[in-house]
> 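Sharing a structure here in structure tokens format.
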Amino acid sequence: MYSMFGSTVAAISTPRGKGGIAVIRVSGEDALTICEKFISPKNGKPLSEIKANTAVLTNVYDENGDILDESVVTVFRAPRSYTGEDTVEISCHGGVLLTESILSRTFACGAVQAGPGEFTRRAFSAGKLSLSQAEAVIGMIDAETRAALSLSKTNLGGAVRRKTDAIYEKLKELISSVYAVIDFPDEDLSSMDDDEVHAGIREVIEALEALRRSYKTGHAVCEGVRTVIFGKPNTGKSTILNLLAEKERAIVTDIAGTTRDVISETVAAGNVTLRLSDTAGVHGTEDAVESIGVKKSMEALEEAELVLAVFDLSHGLDAEDEEILSHVAKRAKIGVPVIAVCNKSDLFDASANETEIRRIRETLGTEPILLCAKNDESRDALVSRIEDTFESSDFSLSDTTVITNARQHAAVSDALAHANCALDTLDFLGADLACTELELAMGKLGELDGRQVTVDVVDSIFHRFCVGK
Ligand SMILES: Nc1nc2c(ncn2[C@@H]2O[C@H](COP(=O)(O)OP(=O)(O)O)[C@@H](O)[C@H]2O)c(=O)[nH]1
Ligand SMILES: [Mg+2]
């Protein structure tokens, strides 16, 4: 079979370490002839005569002709394999030295080391997967929550691909129809009248807007929401990090200024993935190290997509809390979601602190949640508040088509901008200029799923894969 890659590649596809079995994958034009040199099926047939999609028990030999292992080998033939090429998968006993010895045999017999994601890249090049499906493969491997797994699975099944294909086809239809009128005005070649072209562009815009909105869900579930835990020292920020992480991730003491650096942790809050940063408490300090920590806390606040603002009402609200309130209020004002946490609820009485609670509510525009972060049972209440904050608007896991990363979002946003421009242009500047915009929209959509994509983009996607995938 012709392969644009030329070489036959091999890699260990299972994680490094001891295990029941390990799998070495060999893919390319010469996969069978290479493996035949050191693998003999026990049924006496040469490997090259094994039927496609069949597993056979074999002996694997070292360079001296001694048996290295008894392995089960599965043969796939082009184009019906993951990569679209001839592929041999050797399932050997899962020892590190044994696995590496078998991999070395593939190299000695003519294979070369596969790069990161090279098998999936070959699948993409063979047209087996679109780019969004390849990214869904990474998503399946990286998923840490059921929601992330479910979205990635839907996308691996081609949900985004089908949607973008449909929009792409619609754009193509619009463009050819408009050009037919421009090029042959006297002949009635167009299948659409002006109104239909308008309606068609609007349909494209709506579909792109829905895709763009879906990124809110995809980002929160798959990439994770950048979340800062922000407050003055000793309010219980690190305790909240540990509560959400369900482990002692950050040091907790009653000494103000314990956390000096930013501590990061990825946690699942229900369906939402949080990329948490626990920060040094923000207050005026002379200590050089602590003030660097305070600066970093402020930077984390600026970058945050969700703010957990923490107060300890057992001591009321002081000038430092007021400063926290004013920093956080600025973020709230530009639309960053804020959850105000009145921590140490075991130490204060809500009715006695009515004034402070009202002050927080009015300054931040959100009802504070009263929490005892020391108590593990508080986790559910905090998580459900986080879920409510995210799942309220535009968040839907039941959406069939959800884009899941910034690259896809940028492509959809650009395509949408061009489609909007096409609609304006059609009214004011004429059909041929509108068509140029529609072609640009089509180009951007092509970037999303790999119809029109540069090698650099493809490289950067597949380099995020592990070797062997
Ligand atoms: N009583 C009580 N103490 C808490 C609670 N949360 C944290 N603390 C205590 O408050 C002190 C400061 O907590 P820490 O998480 O280090 O605060 P940070 O400086 O904001 O990170 C520690 O002694 C914690 O055990 C709570 O809900 N109730
Ligand atoms: Mg701390």
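First listed ligand is number 1; within each ligand, the first listed atom is number 1.
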> Please report the closest heavy-atom contact between A422 and L438, naming both atoms and the distance.
CB-CD2, 3.6 Å
> Would you call G231 a ligand 1 contact, heavy-atom distance under 4.0 Å?
no
> Using the six-membered ring wherever Trp is involved, compare the ring planes of Y215 and H219 and label them parallel, tilted or perpendicular (cut-offs 30° and 60°).
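Geometry flag for H219 against Y215: tilted rings.
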> What verdict does the side chain to side chain contact (heavy atoms under 4.5 Å, CB included) test give for R385 and V341, after you've listed the backbone C-alpha separation in whole Å, the side-chain angles of each residue and the deciding distance to 0.1 Å?
CA-CA 10 Å; R385 175 57 87 84; V341 180; over 6 Å; no
> In ligand 1, which numbered atoms sit nearer than 4.0 Å to a non-hydrogen atom of L347?
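Selected atoms, number and element: 1 (N).
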> Give the residue and atom name of whichever protein heavy atom lies nearest to atom 6 (N) of ligand 1, and the separation in Å to one decimal.
N343 ND2, 3.2 Å
> Enumerate the atoms of ligand 1 whose separation from the nearest heavy atom of D254 is less than 4.0 angstrom.
23 (O)
> For D346, take its heavy atoms, then give the atoms of ligand 1 lying under 4.0 Å from any of them.
1 (N), 2 (C), 26 (C), 27 (O), 28 (N)
> If you measure every N or O of T235 against every N or O of ligand 1, does any of those distances drop under 3.5 Å?
yes
> Roughly how far, to the nearest 0.5 Å, is the CZ atom of R359 from the CG atom of L364?
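Between atom CG of L364 and atom CZ of R359 there are 9.0 Å.
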> Any non-hydrogen side-chain atom of V137 less than 4.5 Å from a side-chain atom of F465?
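Yes - at least one pair of side-chain heavy atoms lies under 4.5 Å apart.
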> For I141, does the CD1 atom have more than 12 heavy-atom neighbours from other residues, nucleotides or ligands under 6.0 Å away?
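Count over threshold, so yes.
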> To check your reading of the model: name the closest protein heavy atom to atom 4 (C) of ligand 1, its residue, and the distance in Å.
K374 CD, 3.5 Å
> Is the distance between the Mg ion (ligand 2) and the nearest N/O/S atom of T259 smaller than 2.8 Å?
yes
> Quick one: which ligand 1 atoms are inside 4.0 Å of a heavy atom on T253?
11 (C), 12 (C), 13 (O), 16 (O), 22 (C), 23 (O)
> Identify the closest protein heavy atom to atom 24 (C) of ligand 1: which residue and atom is it, and at what distance?
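Heavy-atom neighbour on the protein nearest atom 24 (C) of ligand 1: V252 CG1, 3.5 Å.
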> To check your reading of the model: name the closest protein heavy atom to atom 17 (O) of ligand 1, its residue, and the distance in Å.
G236 N, 3.1 Å
> Is it true that the side chains of S132 and S130 contain a donor and an acceptor less than 3.5 Å apart?
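Looking only at side-chain atoms, S130 and S132 do form a donor-acceptor pair, the distance falling under 3.5 Å.
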> Side chain to side chain contact (heavy atoms under 4.5 Å, CB included) for Y82 and K128? Distances and angles first, verdict last.
CA-CA 8 Å; Y82 181 70; K128 294 244 153 195; over 6 Å; no
> Looking only at distances, can you tell me whether any N or O atom of A373, backbone or side chain, sits closer than 3.5 Å to an N or O atom of ligand 1?
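Checking ligand 1 against A373, an N or O pair does fall under 3.5 Å apart.
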> Suppose we only count N/O/S atoms under 2.8 Å; would S238 qualify as near the Mg ion (ligand 2)?
yes
> Closest non-hydrogen protein atom to atom 10 (O) of ligand 1, residue and atom name please, with distance?
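Nearest protein contact, heavy atoms only, for atom 10 (O) of ligand 1 is K344 NZ, 3.0 Å.
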> Kindly indicate whether a cation-pi arrangement holds for K469 with F462, taking the cut-offs as under 6.0 Å to the six-membered ring centre and within 45° of the axis.
no
> Provide the number and element of each atom of ligand 1 under 4.0 Å from a heavy atom of K237.
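Those of ligand 1 that fall under 4.0 Å from K237 are 15 (O), 17 (O), 18 (P), 19 (O), 20 (O), 21 (O).
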> What protein heavy atom is closest to atom 12 (C) of ligand 1, reported as residue, atom name and distance in Å?
N234 OD1, 3.0 Å
> When you check the gap from the basic side-chain N to the acidic O, do R249 and E265 get nearer than 4.0 Å?
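Answer for the salt bridge query: yes.
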> Measure the CD1-OG distance between I102 and S104 for me, rounded to the nearest 0.5 Å.
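Rounded to the nearest 0.5 Å, the CD1-OG separation comes to 10.0 Å.
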> Nearest heavy atom to atom 7 (C) of ligand 1 wins, so pick from T239, I240, T279.
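The residue whose heavy atom sits nearest atom 7 (C) of ligand 1 is T239.
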